[in-house]
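Everything below concerns the one structure shown next.
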2 protein chains.
Amino acid sequence: MKQGKRSVTITDIARELSISPSTVSRALNNHPAIKEETKRKVITLANKLNYQPNLLALNLLNKKTNNIGVVVPEITSHFFAAIISGIQDILNASGYNIIMCQSNESYREEIKIIENLSSVRVDGFLIAPSSKTRKLDHFVKLKNSGVPIVIFDRDCQGLDVDKVLLDDYDGAFQAVDYLVKSGCKKVAHLGGSLSLSTSIHRRQGYIDALKSNNLSVRDDHIFHTKGFKHSDGIRAAKSLLKLKDPPDAIFAVNDRIAIAAMYVAKMYGFKIPEDISIIGFDDEPHSSYFTPSLSTVRQPAYSIGLLSARILLQNLSNPHDSPGFRREIFRPELIIRDSSRLRPDT
Amino acid sequence: MKQGKRSVTITDIARELSISPSTVSRALNNHPAIKEETKRKVITLANKLNYQPNLLALNLLNKKTNNIGVVVPEITSHFFAAIISGIQDILNASGYNIIMCQSNESYREEIKIIENLSSVRVDGFLIAPSSKTRKLDHFVKLKNSGVPIVIFDRDCQGLDVDKVLLDDYDGAFQAVDYLVKSGCKKVAHLGGSLSLSTSIHRRQGYIDALKSNNLSVRDDHIFHTKGFKHSDGIRAAKSLLKLKDPPDAIFAVNDRIAIAAMYVAKMYGFKIPEDISIIGFDDEPHSSYFTPSLSTVRQPAYSIGLLSARILLQNLSNPHDSPGFRREIFRPELIIRDSSRLRPDT
DNA sequence: TTGTAGGCGTTATCAG
DNA sequence: CTGATAACGCCTACAA
C-alpha cells in the first residue's frame, strides 16, 4: 500500500475529465451556469474518487474556518461537560465545528491554547478561564484582534466581552438562608479555591446569609480546599467535624465536596440531617441517589452552554457594532432533598 | 472600532520594515542566515503588531495540520472524559491539538463528523464508534485515504485498524464469579444496549461465569436497558426486584445502573449486601462514597486514552508499513467494596 | 457554458 | 545575508 497518499483535488478530477478545475469547482458547488451533464459527470467521479474538499484552502481564501474554539479548565467534570453539550448542540446546528481544549486550570496552558487557536484561525471563542488566570493580556489581545469572545461560568473582572455567568452569590445565599431557617445554628462552609470568582462569590453569599440572619461568622467553621475532588473534601470535612464544637450544617462549594462531607459525617456517627444538614452545589446526576439524597443548588449547565453559544453566534453574524457587552446571569435553583432538614414553615 | 479586522501577515511586517516577506519569515523562524539585528527588528514589530502565524496557509503547504480528530459518543460520561484526558496529555505533549467531537450515539452524526474532520485535514483519528454504527463504510474510506486511525473502547468487527479495547468479558466474568463464590445463588444482570460490543461481551461474561459455576441462566433475571443513565437503571431495577423470586445479587453493566439498582433495592427494603449484592462497572469517582460503597469493575480509562494516543503517534511518525494491526486489550480490575458480600475464603 | 488568471499566507528553492 | 518565485487547493471575477 502506498503511503502518504496525496489526496484527490479538483485538479485531479479536472484532468481526468479533460475540463478545467474551475468547471469542476462550479459543478461541485452546483453553480447554475453548468450543464447538467457536466455536473453529473463531475459529481460521479468525485464520489468515486472519494473527493473531500480541502477546507484549509477554502478557509485560507475565505478568512473563515467555521471552527469555534472552546476552552475549559477541565472536561472531567460533569458541569463543564454539560455546558459543552449545550454549546455543541447550538453550534453544530449552525454549521460550526468545535475545537475543544482543556487548560487543566493552568495559566500557561491557557495562553498556549489561545495562541494556537488564534493561529488556526478559529472564528470565535468560548472560554471558561482557568483558576490561575490573573493577567488578562492574552484575552485582551484576542479581543483586539477582532475575534468574538464569550466568557462563561467564571468572571474576568476588567475584561469587556460578553459573559454568561451564574449568580453564585445568590445560590449560596439561598442555601445558607434555608439552612438557618430550617433551624441550624452553626452553619459551616467548605469552600473552594479562592482564586476562583465562583468560590469567592459562594463564600460571600454564605457570609451574608449568616449575617442577614444575625448569626456570627466563625472562622473555624470555614475551610477552603485547593481542589474540587472528593479527596479534597474528605480532608477538610474531617478537620471540620473533629472540632470540639462541630457545626450542625454544612454548605459545600460543590457536590463532590458535599458528598465527601456526608461520607465523613456518617463515618463519625453524625445523623444526616438530624445532627447535621448538608447542601452542595451543582446537582450532579449522581447526587439524588445518595443516602440521604443530597440537597443542592442546581446550576443550569446545559442552558449556560446554549446561551453562550447563541450569543457567540450573534456576534459572528453581526460583528460587534453596539458598544455594550452582554452580561447574562443565570439564577440557580435550590433543590431540597433529604440531606437537609425541612423548614418548619413549609 | 473597525470590524472584520484583517489580521497581520508577514507581508505587513515586511512592508513596514522595507524588507521582503521571506526575510521576515526566516527571522521569525530563527533561521541562522539572518542578521541578528534584522531578527530583532522583525520580532519586535511582530510582537507589537500581535502577529499570529496563519496555520491555515502553513498547513495547506505542508499537508499536515497537527490536529487530531477525537470522536466519542458522548462527553458527559466520566469514562470518556477520562479517556480524553489521557489522549490530550499525550498528544499535546507532542505538539498536536485535538478536535473533539461527540456523535451523541448517532450513526448519522458520526458520518458527518468524520467527513468534516476529513475536510479540515486532521492528521489522524481516535474514534469510539457510536452504538448505532453497523455499516463501516465511512471508516473504511478513511482508512483507504491513508489517515491513521485508532479505534478505542468499542470494537468494530471487520475493520482492520489499530484498536485499544477492554476485556469486558473478563471484567464481567470476574464480577459474577466473585458473586457466586461469595455465596449468591441467584445473580441477575442489568445490561446495556445490545447494539454495543461492550454490553454484549459483559453479558456473555455474566452468562459464562454462571455456567462455569453450574448455575442456570434465567431469562427473567436479565434486563437490558436502552441507555446508560440512572433513570434507565431505575426502571429495570424495579422490574427485577419486584419479581416473586428476586435475585440475591446484581451485576450491572455500569456504575450508574448499579447505583440506580442500589437505590431501588433500598427503597424496596433490601439490605445490601446481606439480602442482595450489587456490583457495577467503571469505578466512577463517586462510586466509593455511596452507602454502602459500590463494588465495581475498574476500567483504566485514562490509560486507555494514553495508549490509544501513543499508538496513533507511532503511526503518524511511521506510516503503516507493517501489515498487521495492533489490538491492545486492557484487563479490568475487580474492586470489592461494601455493596457485595465477602467471599468466605478470603 | 466553460476556461484563465490572480490571490489567500507561508515557506523552500534558487539566485543574487 | 536577503530577495524573487513557485507552490499548496480552492474560488471568483473576467474573458471567451
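Within a 6.0 Å radius of NZ in A:Lys39, more than 12 heavy atoms belonging to other residues, nucleotides or ligands are found. Atom NZ of B:Lys48 has 12 or fewer heavy atoms from other residues, nucleotides or ligands within 6.0 Å.
With rounding to whole Å, B:Leu56 atom CG is found 17 Å from D:dC8 atom P. Note: NZ (B:Lys63) to C1' (C:dT10) measures 15 Å, nearest angstrom. Straight-line distance from the CD1 atom of B:Ile10 to the P atom of D:dA4: 13 Å, rounded to whole Å. Taking atom CG on A:Asn59 and atom C1' on D:dC8, their separation rounds to 14 Å, with Å as the unit. The separation between A:Leu61 atom CG and D:dA7 atom C1' is 15 Å, rounded to whole Å. Regarding B:Arg121, its CZ atom lies at a distance of 11 Å from the C1' atom of D:dC8, rounded to whole Å. Across the protein-nucleic acid pair, A:Leu60 atom CG and C:dC8 atom P stand 9 Å apart, rounded to whole Å. Counting to the nearest Å, the C1' atom of C:dT10 and the CG atom of B:Leu55 are 10 Å from each other.
A side-chain contact (heavy atoms from CB on, under 4.5 Å) with A:Ile311 is found for exactly one of A:Leu306, A:Ile90, A:Val164, namely A:Val164.
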Set out, in order, the CA-CA distance, both residues' side-chain angles and the distance that settles side chain to side chain contact (heavy atoms under 4.5 Å, CB included) for B:Glu109 and B:Gln102, then state yes or no. CA-CA 8 Å; B:Glu109 287 196 46; B:Gln102 315 187 62; over 6 Å; no
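A sub-4.0 Å separation between OP1 or OP2 of D:dG3 and a side-chain N or O of B:Ser22 is absent. Dashed line: the shortest gap from a side-chain N or O of B:Ser20 to OP1 or OP2 of D:dG3 is under 4.0 Å. Within the structure, every side-chain polar atom (N or O) of A:Lys64 is placed at least 4.0 Å from both OP1 and OP2 of C:dC8. Proximity of A:Ser25 to the phosphate of D:dC10: no side-chain N or O atom is located under 4.0 Å from OP1 or OP2.
The stretch residues 11-19 of chain B touches DNA chain D through B:Ile19, each having a heavy atom under 4.0 angstrom from the strand. Shown for residues 27-52 of chain A: residues whose heavy atoms fall under 4.0 angstrom of DNA chain D, namely A:Asn29, A:Tyr51.
Considering all non-hydrogen atoms of both residues, B:Ala309 and B:Leu91 come closest at CB-CD1, 3.7 Å.
If you check distances only, the side chain of B:Arg26 does reach the base of C:dT13 with a donor-acceptor pair under 3.5 Å.
At a threshold of 4.0 angstrom between heavy atoms, the contacts of B:Pro53 are confined to the sugar-phosphate backbone, with no base atom among them. Within 4.0 Å of A:Leu58, counting heavy atoms only, lie sugar-phosphate atoms of the nucleic acid but no base atom.
Using a 3.5 Å distance cut-off with no hydrogens or angles, the side chains of B:Glu110 and B:Thr133 do pair a donor with an acceptor.
Comparing the end axes of the helix from C:dT1-D:dA16 to C:dG16-D:dC1, each fitted to five base pairs by superposing C1' atoms of four pairs onto the next four, gives an inter-axis angle of 50° (nearest 10 degrees).
From A:Cys101, atom SG reaches atom CD of B:Gln88 across 6.5 Å, with rounding to the nearest 0.5 Å.
Between A:Asp162 and A:Arg310, no side-chain nitrogen of the basic residue sits less than 4.0 Å from a carboxylate oxygen of the acidic one, so the salt-bridge criterion is not met. Salt bridge status for B:Arg327 with B:Asp155: present, with a side-chain N to carboxylate O gap under 4.0 Å.
Counting heavy atoms from C-beta outward, A:Tyr51 and A:Ile10 have side chains that approach closer than 4.5 Å.
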